[in-house]
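Comments concern the structure below.
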Amino acid sequence: MEKLEKLYEGKAKQLYATDDPEVLWVEYKNSATAGDGEKKEDFAGKGRLNNLITTLIFDLLKKHGIDSHLVARVGETSQLVKKVTMFPLEIVLRNTAAGHFCSRLGVEEGIELKEPVLEYFLKNDDLHDPFVNDDDLVALGVCTREDLAEIAPLARRINEALIEIFAKIGIKLVDFKIEMGRTSDGTLLLADEITPDSCRLWDQRDGSGKVEHLDKDLFRRDLGDIIPAYEEVESRLAELAKSEGIEVAE
């Protein structure tokens, strides 16, 4: 499939048209950002790792009956995806208190939540992606009640599946953000990416209980190099995928 003109460039990815109007070409970049883009740095190999990790996670989720927009990984940093009309929403699931949740509500980081928390944030850089509720989204025309009645249960199913996937490889899924969109026939799909950029992942393998980050908090908080952490996540996911009969790129 041929890559054509660039349609969009974000902080972590570039999006291109292809010769199939229903398929887009995604290129993962090496850049990492934090603080609404105020902090930015390039890390050699990050785009390749995030492409691999997203592909592995989407393939593993498919085993759980959850479809995504992924068509195929087609290069070190590239993949083909189904064209979807995206909701301008960050959909966040929290299992353990961390990050913005703690600063907003005065909660100590690391506290286990009594049940997963589903939150929505409007994608708007100028407004710093503000927190919104269901009524806000409907009143602003971002989505309908019917959309939310599909989005919320799908988000919770994804959370349950991801908790199980990461637990199998000794990683605690603290929280994550995802995006969704609809195909031309109206099907709701998981889209964008799931990577250590968009999840908080705490290593559990040594059993010490000490928080060992395997995610972008290493960059956000100046805790160390993200690449070894991302490599570890990719390696464990690849091992799991192989054990479940999924073809894995070498």
Short side-chain to backbone donor-acceptor contact, K46 and S31, under 3.5 Å
yes
Counting only N and O atoms by type, is there a donor-acceptor contact under 3.5 Å from the side chain of N124 to the main-chain atoms of D129?
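Answer holds: no.
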List, by chain and then residue number, the residues other than [X] in its hydrophobic cluster (Ile/Leu/Val/Met/Phe/Trp/Tyr, side-chain heavy atoms under 4.5 Å); write none if there are no others.
X: L113; value: F101, L105, V107, I111, V117
X: V81; value: L7, Y8, L15, L24, V26, Y28
X: L80; value: M1, Y16, V23, W25, V71, V74
X: F131; value: V92, F121

Listed by chain and number, what are the side-chain contact (heavy atoms from CB on, under 4.5 Å) partners of E22, not counting sequence neighbours?
D20, S184
For A191, give me all partners under side-chain contact (heavy atoms from CB on, under 4.5 Å), at least two apart in sequence or on another chain.
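By the side-chain contact (heavy atoms from CB on, under 4.5 Å) rule, A191 matches H69, V84, M86.
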Is there a side-chain contact between [X] and [Y] in this structure, where contact means two heavy atoms from C-beta onward sitting under 4.5 Å apart?
X: L61; Y: L162; result: yes
X: L201; Y: H213; result: no
X: L89; Y: L137; result: yes

Presence of salt bridge, D222 and K39, under 4.0 angstrom
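Yes, this pair counts.
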Salt bridge present between E231 and R236 (N-O < 4.0 angstrom)
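Looking at E231 and R236, the cut-off is not met.
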State whether a side-chain donor-acceptor pair under 3.5 Å links Y230 with D197.
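Yes - a donor-acceptor pair under 3.5 Å links their side chains.
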Sort out for me which residue in R94, E119, H100 forms a side chain to side chain contact (heavy atoms under 4.5 Å, CB included) with D175.
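The option that passes is R94.
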From T144 atom OG1 to D147 atom CG, the distance as rounded to the nearest 0.5 Å
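So the OG1 of T144 and the CG of D147 are separated by 3.0 Å.
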Between atom CG of L118 and atom CD of E115, what is the distance when rounded to the nearest 0.5 Å?
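The distance works out to 10.5 Å.
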